[in-house]
Amino acid sequence: MDQKFTGARIRQDFIDYFIKQGHTFVPSSSLVPGGDATLLFTNAGMVQFKDVFLGTDKRPYTRAANSQKCMRVAGKHNDLDDVGRDDTHHTFFEMLGNWSFGDYYKKEAITWAWQLLTEVWDLPKEHLYATCFEDEKRQIESDDEAAGYWRQQPGFDPTHVYFFGRKDNFWEMAEIGPCGPCSEVHLDRGPKYCNMQDVPGHVCGVNGACQRFLELWNLVFIQYNRLSPLQLEPLPAKHVDTGMGLERIVSVLQDVDSNYKTDLLFPMLDIVQRLTGHSDAERAANITPYRVIADHARTAAFLIADGVVPGNIRRNYICRMIIRRAARFGSKIGLDEPFLAQVADEVIRIYGNFYPELVKNRSTILDNVTREEQRFQRTVEAGVTKLEGMLARIKRQGIQILPGGQAFDLYATYGLPLEITRDIAREQHLDVDEAGFNEAKEEHSIASGGGEALGIMETERVGAYTDLLNTLQTQGKLDPEGVYYDPYNRLEVEGAILAIIRGGQSVESAITGDQVEIVLPETCFYVESGGQVSDTGMIVSANGHGWEIRVDDTRKPIAGFIVHIGEVMLGQPTRADMAIARVDAQRRRDIMRNHTATHLLHHELQAVLGAHARQAGSLVAPDRLRFDFTHPEALSIDQLEQIEAGVNRNILGDYQLHIANKPLKQAIFEGATALFGEKYGETVRNITIGDPEPFSNELCGGTHVESTGDIGIFLILSEGSTSAGIRRIEAVTGRGAYEIVQIRTRLLKNAAELLSAKLIDIPARIEELLAEQSTSRKQIALLKRELAATEFVRQLGNVDTSTGVPLLIANLPDTDADTLREMADMFRQRFASGVSVLASVQENRPIIIAGISDDLVRLGLHAGELVKFIAAPLGGGGGGKPTLAQAGGKDTTKLDVALKAVPGWLKSHLNNPK
Ligand code: ATP
Ligand code: MG
């Protein structure tokens with residue numbers, strides 16, 4: 001291949017070109033969006049910049065360029081159905097973008113796009129087209145500005161500008177919020193690319209139905225803020241957001257008619273072909289499975305590298321589904337053994353340079369893929385057979401759609417994801433009720449406690465905070481960076497109250513009992529982030545006004561703005577009053593101990609379990625810490641002890657913590673662990689522990705103890721699973737741990753007292769008691785049998801032979817089923833031929849046991865039928881062997897009457913043998 005146009009080269013060309021235009025290269029954020037619970041996966045380049053557009057976050061640069069990892073397999077953007085069937089849609093892909101945050105605008109964006117396409121990449125100018133916005137509703141201004149800039153580009157054919165309406169050329173982030181016109185670049189690839197040549201009346205065109213014109217690049221100009229469906233207001237700062245699919249531009253520059261023929265994907269197809277041993281013709285005949293496998297292997301590798309392992313819900317489900325779907329397409333072309341790891345390894349080879357997380361997590365990726373294939377193999381055949389049966393049944397009934405509940409059963413029982421069920425159904429021209437599937441899944445997840453609540457920030461309040469922040473800054477009361485935030489060096493600060501917010505309104509003063517939010521010029525209260533909870537404490541008058549506010553929470557609703565939330569306990573705090581803000585120091589020290597212990601735990605998990613045991617979530621509270629990590633199975637007692645001991649060893653080592661701010665790149669280079677789903681700025685806070693070589697090296701904005709000895713002691717309380725592949729440890733330190741030790745010691749002392757033993761003798765004493773208990777149980781059983789024997793002898797006098805065979809009917813109050821059965825045995829030993837019916841009432845319910853000798857069974861009598869006959873009037877039923885059966889019932893008052901009917905039953909059966 002022409003080295004000028006390898007996929008990797010083209011990606012780098014893009015980035016280099018924009019760096020030359022003053023842009024900062026920003027690495028791709030994780031596929032798991034940071035701090036956004038509403039979005040399953042990053043699905044466009046703008047996801048990591050969303051808060052910048054909303055004005056709730058700031059960056060140290062105003063021009064950025066990136067290549068963003070994206071997924072479109074769920075939610076609003078779901079391209080799964082097209083993947084493998086067309087040449088251009090993938091579940092995972094890369095989006096190239098350049099960004100202006102209130103910096104340059106249309107002119108530069110268009111000029112640079114044109115230069116990159118035509119001068120750096122030499123695309124034929126005469127074949128390029130541009131689309132601009134014209135509102136079909138005539139409510140929003142046409143984007144003649146953009147059209148004008150296109151027409152000014154050197155060599156651009158001015159007739160190649162087309163106008164389209166809202167669907168194609170107006171971009172909105174959501175129902176309300178930032179939005180604006182967009183302008184797309186399209187390329188005419190020539191008539192041979194038209195795939196609709198035989199369709200009568202078809203005309204090729206920009207945004208047309210065929211593949212001749214290809215959309216390459218979308219330039220979005222964010223200039224409005226939408227307040228309502230009919231209300232737009234101009235934004236004070238205008239932004240540019242562009243997106244160009246990497247695979248697509250690579251296919252153009254490599255002059256191939258499919259993304260799968262570019263060097264970003266064809267090596268994976270080649271691996272598959274090597275595995276199947278297909279000829280080229282066979283490969284071509286099976287191109288869809290080949291493509292799906294290449295696509296899905298790539299997605300799985302990137303997902304797992306970002307910490308998303310196969311599992312049952314949300315993101316983890318998608319990872320599972322992708323791997324299983326690839327496995328099934330594999331089996332369609334004869335790959336019946338786990339094979340995906342070999343394809344995924346090729347993905348790592350191709351992408352590892354630019355995305356080092358792939359290389360770093362190679363063994364985790366390969367292991368997870370293979371294990372998931374193995375899990376699937378165990379059940380897939382049974383699942384598919386079951387599905388075939390279901391489909392045949394609905395076809396017979398003339399139904400076209402498989403009910404969602406049935407599809408969910410297939411998933412719950414056989415692990416067949418909806419997407420595979422749908423693939424198979426569609427192969428037979430049927431479909432699946434997806435909404436029904438989701439309902440069933442939802443019910444199931446709620447029933448099993450896996451339901452999740454989503455939190456969304458209230459948009460109007462953001463506006464109010466932004467206004468207040470702007471006012472305070474204009475008045476010079478806050479500097480441009482906003483509230484000065486330093487939770488690291490002090491636990492107390494002093495300053496004038498800048499604002500009191502009550503009920504969402506800024507007020508002059510508040511009185512005792514009011515719920516308020518207090519804004520100060522600076523704060524030492526920690527604001528929840530990175531799993532560490534917010535500080536609480538007090539704000540009190542600094543100059544004798546005598547008021548006090550209890551702070552229950554601290555929040556940062558928008559960038560640069562921090563509010564202390566709480567209740568006025570005393571007096572009347574008033575704006576401009578001098579205040580002292582004091583963090584609850586004891587609580588904070590508890591939190592710091594837990595946070596540092598979390599780092600020690602993370603290190604120890606990797607030391608004991610392996611590098612794959614990575615953080616997947618954490619909570620650092622005053623009373624405990626909770627740590628989720630990726631690991632496939634439960635930890636043994638041994639492992640837990642090792643981990644606990646290791647952490648305590650490092651506590652006793654009393655290592656000083658080294659905390660430094662440094663550039664993200666440097667920290668990563670020095671070996672710091674970055675977390676998935678976390679957002680990092682350019683400069684990061686880096687915490688290392690260990691001398692002389694650090695053993696723990698993390699990026700963390702949390703508050704920590706000075707040296708590990710401060711933690712005191714670390715105890716694991718529990719270990720369990722939160723979802724497939726994710727384990728959770730809960731632990732305590734310092735005061736919390738001491739409390740646990742106290743409680744446990746007290747319990748042990750209580751137990752010792754009850755056992756009249758010394759602490760050390762408790763286990764031996766319990767063993768002794770258990771042995772005694774088992775002996776007693778045996779003795780009780782023996783006694784019961786003896787009792788039964790005595791009772792049996794007493795009952796012998798009641799044996800009735802009037803039916804022609806010996807018949808014993810006895811109702812023995814408060815006798816258990818074992819004893820009754822025992823007696824039935826004794827009767828059988830005593831009478832070679834005969835029938836016994838033994839009944840009792842226990843806990844207000846009748847029990848009936850019937851025994852029938854072998855000779856009578858040969859005549860056709862059945863003990864099961866006999867007990868059923870007796871139990872029926874008692875509202876019960878039962879069954880058993882022909883020789884011995886048992887029944888129960890509800891109504892004890894009818895027992896005697898029912899027993900009296902037995903001789904009649906016996907006579908009629910003896911007279912009419914079967
Ligand atoms: P399409 O109409 O092709 O689905 P789109 O309008 O959904 O594209 P945008 O949201 O504008 O695409 O994304 C910008 C670029 O990202 C597209 O021009 C395309 O090159 C690329 N892209 C979008 N979806 C995918 C996908 N599923 N796989 C690969 N590339 C994609
Ligand atoms: Mg699309």
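Start at 1 and go down the list; that is how both ligands and their atoms are numbered.
- Considering backbone and side-chain atoms together, Gly245 places an N or O closer than 3.5 Å to an N or O of ligand 1.
- For the residues Gln68, Arg248, Glu215, His186, the heavy atom positioned nearest atom 3 (O) of ligand 1 is part of Arg248.
- Atoms of ligand 1 found under 4.0 Å from any heavy atom of Thr88 (numbered from 1 in listed order, with element): 28 (N), 29 (C), 30 (N).
- Using a 4.0 Å cut-off between heavy atoms, His89 contacts ligand 1 through both its backbone and its side chain.
- Scanning all heavy atoms of the two residues, the minimum distance from Phe18 to Ala65 falls at CB-CB, 3.7 Å.
- Those atoms of ligand 1 that come under 4.0 Å of a heavy atom in Met95, given as number and element, are 13 (O), 14 (C), 15 (C), 16 (O).
- Atoms of ligand 1 lying under 4.0 Å from any heavy atom of Asp79, numbered from 1 in the order shown and given with element: 24 (N), 25 (C), 26 (C), 27 (N).
- For the side chain to side chain contact (heavy atoms under 4.5 Å, CB included) test, residues two or more places apart in sequence or in another chain that qualify with Pro267 are Glu346, Arg349, Ile350.
- Ring centroid separation for the pair Tyr317 and Tyr411 comes in under the 6.0 Å cut-off.
- Against a heavy-atom cut-off of under 4.0 Å, Asn218 is close to the following atoms of ligand 1: 11 (O).
- Considering only non-hydrogen atoms, atom 10 (O) of ligand 1 lies nearest to Arg72 out of Arg72, His77, Met46.
- Both the sub-6.0 Å distance and the 45° axial angle are satisfied by Arg189 relative to the ring of Tyr193.
- Near His90, meaning under 4.0 Å from one of its heavy atoms, ligand 1 places the atoms 26 (C), 27 (N), 28 (N), 29 (C).
- Listed by first then second residue, pairs satisfying ring pair (Phe, Tyr, Trp, His ring centres under 6.0 Å) with a partner in residues 216-242 read Phe14-Trp217, Phe53-His239, Tyr105-Phe221, not counting sequence neighbours.
- At a 4.0 Å heavy-atom cut-off, ligand 1 does not touch Thr91 at all.
- Between Lys125 and Asp157, no side-chain nitrogen of the basic residue sits less than 4.0 Å from a carboxylate oxygen of the acidic one, so the salt-bridge criterion is not met.
- A salt bridge is absent between Glu427 and Arg422: the closest approach of a Lys/Arg side-chain nitrogen to an acidic carboxylate oxygen does not fall below 4.0 angstrom.
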